[in-house]
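We count residues from 1, following the sequence as given. We count ligands from 1, going down the list as the structure has it; atoms in each ligand are counted the same way. Note that these values count all heavy atoms, side chains included, but never hydrogens, waters or copies made by symmetry.
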Amino acid sequence: MTLPPNVYDAEPIPAAARAEIDKMLETGDLFRYTAPENAPVTLLEREFAQMMGSKYALAISSCSAALFLSLKALDLPRDARVLIPAFTFAAVPSSVIHADCIPVLCEVGDNYRIDINDFELKLDDSISAVIISHMRGHTSDMDEIMALCHARGVPVIEDAAHSLGTTWNGRNIGTIGRVGCFSFQSYKLVNAGEGGIMITNDPDLVARAVIMSGAYEHNWTKHFTAPDPNLDAAFAKTQNKLPLYNLRLSNLSAAIIRPQLAEVPRRMHDGRRNHDYVAARLNSSPWLEVPEKLEKEDRAPDSIQFNLVGMNEDETRAFADAAAARGVKVQIFGLSTDNARAFWNWLFIPGDVPELPQTRAMLMKACDTRLPARLKTAELDVIADAITDAAAEIMTPARAYGT
Ligand SMILES: *Cc1c(COP(=O)(O)O)cnc(C)c1O
């Protein structure tokens, strides 16, 4: 019998990382600016930019740091208002607060994507920047969003923390806005424990971000080796003008990340196969619904989200307990205590908790289950059985036996 899999374990790090790490342990060369050139962090930046089709990449300590640096690099005035989706991880409003800006929340629909009508309504003259968070890899309508933001000259930061490998109309997510931010935290597609990277084609933005990330003195000369007069001009403009936040990545993390980049297509493919397999099984239950993706999106999921249909709050809680009793943890975003993805728990935002009835209703029925790419069909069946059986147990009236 197949047991419920441990969905929290990561895949082993490719063996190729070991030789590089052993060399570092010998030399102690862990700081990105010690070597005169080609430090592992610099090589990672070059490889990642190339893989994504971007001009520049800056590897740093986390995706949260990348979001913060992106806002700082846009040089927004204090108290600038930044529009973000109301369904995202607490790191997103946190980055806005760190950057001395004010988060403004817009509604998210039952399909976990930005409600374009509310987005358009909230994108008024008071908004200076937008962060689009592709939460759990779900891509909002980037054509509509870019058209609305372009018309108003509002820069878009893409929080693609969990979207490595996802494409929109054939374009890599993270390359559509002015800047794209990714995470290498352990629950993302590429795992270094911690780490992040930002990509952009904007030389001024990247120069500012490089300096603030901790490229003191002339260490920025070690970032990009190809001749680039735009970049030289941008660095000349910013030298000694910006504070340092020291959010650098260590060579050790880069050595763990680099050999995993080659694994991305396989993890993408297997993740999508696993997701679609379980989605079809869940959709066969009358009490479960996996929303359709948008047509232009091709996904790279490592988890599955689904909505409960026709369950009240007690039944919803009983369903989660019944799934747990079968060995499968289902998190309901709005019901678990102090959940970092429920906007009413972001009490660090100034002012009262905003009213977002549509997002709130979604969070009270939206379920989250991890589904790592390494799972095999028998394990996927255990998960799908547990979830569909739990729903049936709660929602099927007890049969009356006898007469
Ligand atoms: C994980 C995640 C983050 C934060 O990434 P860190 O690297 O842990 O800072 C931000 N946004 C989303 C959507 C995420 O999934």
Side-chain angles (χ1 to χ4, degrees), residues 7-8 10 41 44 48 57-72 82-99 103 105-106 108 112-114 130-140 142 145 156-166 168 173-174 176-177 179-199 209 213 245-250 253-254 256-257 260 267 271 275 297 299-305 331 333 339-343 345-346 348 359 362-363 366 368-372:
V7 293
Y8 296 97
V41 180
L44 165 66
F48 195 85
L58 170 63
I60 43 179
S61 54
S62 69
C63 181
S64 302
L67 294 168
F68 162 73
L69 271 187
S70 299
L71 290 165
K72 294 302 285 181
V82 178
L83 188 56
I84 66 170
F87 175 45
T88 183
F89 185 53
V92 174
S94 300
S95 71
V96 179
I97 297 285
H98 286 314
L105 275 48
C106 86
V108 169
Y112 322 127
R113 289 158 175 88
I114 286 170
V130 161
I131 301 180
I132 299 301
S133 192
H134 305 294
M135 188 54 176
R136 289 288 190 272
H138 299 295
T139 306
S140 296
M142 289 308 288
I145 287 167
V156 173
I157 298 168
E158 282 184 83
D159 168 18
H162 218 144
S163 289
L164 186 56
T166 304
W168 174 261
I173 284 300
I176 299 171
V179 49
C181 304
F182 296 84
S183 175
F184 299 126
Q185 184 265 343
S186 288
Y187 292 161
K188 315 297 159 103
L189 205 69
V190 168
N191 162 30
E194 302 282 0
I197 198 163
M198 52 197 280
I199 55 174
S213 76
Y245 295 99
N246 285 9
L247 303 166
R248 294 174 301 254
L249 193 73
S250 136
S253 301
I256 289 171
I257 295 165
Q260 290 183 64
R267 290 179 187 175
H275 174 278
E297 179 190 1
R299 301 194 276 196
D302 61 5
S303 63
I304 188 164
Q305 288 70 47
Q331 167 185 254
F333 291 108
N339 193 301
R341 299 150 204 89
F343 64 85
N345 290 326
W346 304 337
F348 51 85
T359 308
M362 177 274 284
L363 290 168
D368 187 30
T369 298
R370 288 179 53 76
L371 219 52

At a 4.0 Å threshold, what atoms of ligand 1 neighbour a non-hydrogen atom of [X]?
X      : answer
Ala161 : 2 (C), 3 (C), 10 (C), 11 (N), 12 (C), 14 (C), 15 (O)
His162 : 15 (O)
Gly195 : 7 (O)
Ser62  : 7 (O), 9 (O)

Between [X] (side chain) and [Y] (backbone), is there a donor-acceptor pair under 3.5 Å?
X      : Y      : result
Arg113 : Thr139 : yes
Arg267 : Leu189 : yes
Trp346 : Ala340 : yes
Glu158 : Ile173 : no

Spacing of [atom1] belonging to [X] relative to [atom2] belonging to [Y], to within rounding of 0.5 Å:
X      : Y      : atom1 : atom2 : result
Asn191 : Gln185 : CG    : CD    : 8.0 Å
Ile199 : Cys181 : CD1   : SG    : 8.5 Å
Ile304 : Thr369 : CD1   : OG1   : 7.5 Å

For [atom], the protein heavy atom that lies nearest, with its residue and separation:
atom                    : value
atom 2 (C) of ligand 1  : Lys188 NZ, 2.5 Å
atom 4 (C) of ligand 1  : Ser64 OG, 3.8 Å
atom 7 (O) of ligand 1  : Ser183 OG, 2.7 Å
atom 11 (N) of ligand 1 : Asp159 OD2, 2.8 Å

May I ask whether [X] has any heavy atom positioned less than 4.0 angstrom from an atom of ligand 1?
X      : answer
Ser133 : yes
Glu194 : no
Cys181 : no

### Message
Restricting to ring-ring contact (aromatic ring centres under 6.0 Å, His included), what partner residues turn up for His138, sequence neighbours left out?
### Response
Tyr112
### Query
Looking at ligand 1, does any of its N/O atoms fall within less than 3.5 Å of an N/O of Cys63?
yes
